[in-house]
K.L.:
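For reference, the structure I am asking about is given below.
Keep in mind the model is a prediction, meaning the values are calculated, not measured. Letters go in sequence order (proteins before strands), and every chain restarts at 1.
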Amino acid sequence: MTSLEIQLIDTDYQVEDGEVFIRGFGKTSEDENILFYDREFLPYLYAVPEKEVELDELKQKIEDTEFSNEDTDIPVRNLEKKSLIDGSEEIEVLKVFSSIPAMIPKLKNELWDLPEINECREFDIPFYRRYLIDKDIRPGSWIEVQGEEEEGDLDQVLDVESIETGIEKDEDINWYTVAFDLEVYQEEIIMVSLYAEDFEKVITTEEIDRDFVETVENEEKLIKRLVEIIEDRDVDILTGYNTDEYDFDVLRNRAEHYNLTLAMGRDGERMKFNRRGRFKGARLKGRMHLDIYPFVSHVLAPGLDSETLDLDSVSEELLGLNKDDMSWEEMKTSWKNKEDLEKFSDYALKDSELAFKLTEELVPQILELSEITGLIPFDACRLTYGQLTENFLLREASERDIIASNRPSQDKRSKRRRQDAYSGGFVYTPEAGLYREIGLFDFKSLYPTVMVAHNISPDTLNIEDCEDRFSLEEFDYNFCQDEPGFFPELVRELVEDRSKIKEKMKNLDEDSQEYKSLDNRQQAEKILANSFYGYLGYSGARWYSRECAEATTYMGREYIHDTIEIAEEMDFEVVYGDTDSVLLEVEDIEDKADSFLEKVNSDLPEFMKLELEGIFKRGFFTSTDSGEGAKKKYALLAENGDMKITGFEQVRRDWSPVAKKTQKKVLRKVLENDVDGAVEEAKKTVEDLREGKIPVEDLKIYTTLTKKPENYGSTAPHVEAAKKAIRRGEDIGPGDTIAYVITRGGGTISSRAETIEYAQDYDSDYYIENQVLPAAIRVLKVFGYTEGQLKGEGKQSGLGRFS
DNA sequence: CTTGACCGGGG
DNA sequence: GTGTACGGTCAAG
């Protein structure tokens, strides 16, 4: 008998001779790769009997019945009576075991047809996740596996007999991480870049004068070399940016083309895509392939300022780092003409370097999330917010003997979506204009704390037998306050654990490993605590409750209103407010903030708190077309000169650089209280456009071609530009991003769109009227300027010579 | 105003 | 794979 302390990396299951076994991949602190088999775990579901049915009789009936489906026998291996909590009541159910996971959906259908059975539950939980939940195994924590050694390719292979969890071991595993990135030209891989802490490489078919470049004969060798490097370096974590949808897709197609097996995992099997809805995940067994783009888009995006989630903007926001400045056009030209390949290879390497650095920042968070939710890292980094939350809830429910609700049918989901939307956060209508000395105050985790303060939870909603109810006049439902509900209890645990962690962090060196790991844990807890409100209103949720979500936002609005009222009583000018924050203008704000906070916080229930988020020396709010202040569109200027811009066009990619740059300059001048200077900036750009002084680079607008140009029903500039380029022999197809410029001449705008390579001139009027002026006037109209004035026409009609 | 198509990331 | 899971924006109807 061998006993090993390991951390789990990955699990799946296999079926042999009609029997299922779990595979667990892990690692010891001595860097040994471990594979264990667990042959003792069977798939099951819960059968909930009709009310008047005698459980023992039903048990007997199921034992005596031979279930089958289209000539396949559906074995029932075991039956257990269980008492579980369903909402606010306790129910008696049967736990029905079968032989292999694939039998479970079939068994569910057969059982559900029995008149004695009301419904089945928990029949759609992936087998490997069920295993981890039931065994209380969490990736990222130590477990001890005991069993007999077997033959195998990994350092040790065990046929497991027992697993012990909750092992205290003061050691972390340093996962060996490599980021990679492909460069592709005309559907062939021309470069692979790899980046690790101790290693950087670009593999390509050209000779390039760079130390990190390794030249191979052809594309086939290039793929083989990549696989070899992953294997040789025994990579634990392979990462990249959008590698699921792009790099691995290309890699698989090209490997198929050469009849190569992409065996990049630790089990020697071919890489497979896991499909989940509209996403696919490239799964390498026994290694963690963590694509960070899905994590960024599903989990981080709501908290990011950046509107686009491309590698460049995300790295800029999270790391303060940018990609090398090389456009796709330049790259194509470079490869086609075999010129400047050094620059190209630098660019390629930079991409995987950025992906690596982003990984260093995010993977610890992903691994923490994996530990808290108990999902394997592969899942933790790909699931949506709602799915992450649900998996956390499933585990917490199981620990409390709570039986999970079923996932809603497609029909039910669309009904939920169609239901009238309930009101969300309160947004205060600002007065357009310029403000100075602004304090930004916000509630710490408003919705989670509201849920705790009022015990808002699906299992406290409208309980018959209840002493103390929290009712809202507006709604005909109430929440029982007698016992903490499932959701408030979880929020409280997360929030309390989080403040304990933050307390601990105060006494630690910020650069220490312990500080960093605690920081990642509290981040992950914050992510989860904040997800519950959204989850309750998510149509696909098992624990969906429109009432809970609605009551939560309602109370959130109440608290913001109260805060605004207090601010007004204290003679602060309320500039703006959105959901959980207020912007207040007041002289000597530093001095007055404390008494304001004290007043607000003393009125709040325990657990809720308003904080001062920051002080800004100026703020600018624009107006809508009707002239009233616009919501969610403003710019703030901090003491140190940083601008925080929200909602303006300048962050959107379907605007040309010249429009975005001008708008940014105009905003900065305005925030510096120099409106004349702002007008000058706009006028100067208009003039430069007229005189043809603006480089074409600043005029291109990006749009992605999603299908073949001839398949578009409507005309659009990027489609027309693409059609013309194709006629000239360019290789352009679906997936290509078209950089186009509107050129001079007659006809519609679309007919004058040209890809940047063929743009001989540009239509200055188009750029003035449709790009620069709308972007600039969005800001300057607040000061009474019109587009005409910015074009220079205002001089005649305004205060100029005629007045 | 409602409905349906498109789009994200990557090269 | 205990399968098939988004959400926002914009033009067209």
K.L.:
Looking at C:dA5, B:dG10, B:dG9, which one has an atom nearest to any side-chain atom of A:Thr308?
P.N.:
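Ranking C:dA5, B:dG10, B:dG9 by closest atom to the A:Thr308 side chain puts B:dG9 first.
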K.L.:
The side chain of A:Asn274 lies closest to which of these nucleotides: C:dA5, C:dG1, B:dG10?
P.N.:
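For A:Asn274, the side-chain atoms sit closest to C:dG1.
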K.L.:
When you measure from the side chain of A:Gln387, which nucleotide among C:dA5, C:dC6, C:dG3 comes out closest?
P.N.:
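Nearest to the side chain of A:Gln387 among the choices is C:dA5.
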K.L.:
What residues form a side-chain hydrogen bond (donor to acceptor under 3.5 Å, both in side chains) with A:Tyr347, not counting sequence neighbours?
P.N.:
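Listed in chain order: A:Lys323.
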K.L.:
Nearest to the side chain of A:Asp181 - B:dG10, B:dG8, C:dG1?
P.N.:
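The listed nucleotide nearest to A:Asp181's side chain is B:dG10.
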K.L.:
Checking all strands, does A:Leu311 fall into the base, sugar-phosphate, or nothing category for heavy-atom contacts under 4.0 angstrom?
P.N.:
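Counting heavy atoms under 4.0 Å across all strands, the contact made by A:Leu311 is with sugar-phosphate only.
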K.L.:
If you check the A:Pro105 side chain, which of B:dG8, C:dA5, C:dG3 turns out closest?
P.N.:
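It is C:dG3.
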K.L.:
Check this one for me: any side-chain N or O of A:Asn242 less than 4.0 Å away from OP1 or OP2 of B:dG8?
P.N.:
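Result: no.
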K.L.:
A:Asp247 near the nucleic acid: base, sugar-phosphate alone, or nothing, with a heavy-atom cut-off under 4.0 Å?
P.N.:
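Here A:Asp247 touches no strand at all.
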K.L.:
Describe the nucleic acid contact of A:Arg413 in one word from base, sugar-phosphate, nothing, applying a heavy-atom distance below 4.0 Å.
P.N.:
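Touches sugar-phosphate only.
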K.L.:
Taking the six-membered ring for Trp, is the centroid-to-centroid distance between A:His298 and A:Tyr293 below 6.0 Å?
P.N.:
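No, the ring of A:His298 stays outside the 6.0 Å limit from the ring of A:Tyr293, centre to centre.
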K.L.:
If you check the A:Arg276 side chain, which of C:dC6, C:dG3, C:dA5 turns out closest?
P.N.:
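That would be C:dA5.
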K.L.:
Please confirm whether the ring centroid of A:Phe180 lies under 6.0 Å from the ring centroid of A:Phe248.
P.N.:
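Centroid separation for A:Phe180 and A:Phe248: below 6.0 Å.
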K.L.:
Please classify the nucleic acid contact of A:Glu122 as base, sugar-phosphate, or nothing, using heavy-atom distances under 4.0 Å.
P.N.:
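A:Glu122: base contact, heavy atoms under 4.0 Å.
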K.L.:
Salt bridge or not for A:Arg23 and A:Asp10, using N-O below 4.0 Å?
P.N.:
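Looking at A:Asp10 together with A:Arg23, the answer is no, because their closest N to O distance does not fall below 4.0 Å.
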K.L.:
Under 4.0 Å between any heavy atoms, over every strand shown, what does A:Tyr13 touch: base, sugar-phosphate, or nothing? Just pick one.
P.N.:
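Sugar-phosphate only.
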K.L.:
Give A:Glu183 one of three labels, base, sugar-phosphate or nothing, depending on what nucleic acid heavy atoms sit under 4.0 Å from its own.
P.N.:
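Sugar-phosphate contact only.
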K.L.:
Side chain of A:Arg275, heavy atoms from C-beta onward: which of C:dT4, C:dG1, B:dG9 has the nearest atom to it?
P.N.:
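Looking only at side-chain atoms, A:Arg275 lies closest to C:dT4.
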K.L.:
Between C:dT4, B:dG10, C:dC6, which one does the side chain of A:Arg278 approach most closely?
P.N.:
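In terms of side-chain proximity for A:Arg278, the closest of C:dT4, B:dG10, C:dC6 is C:dC6.
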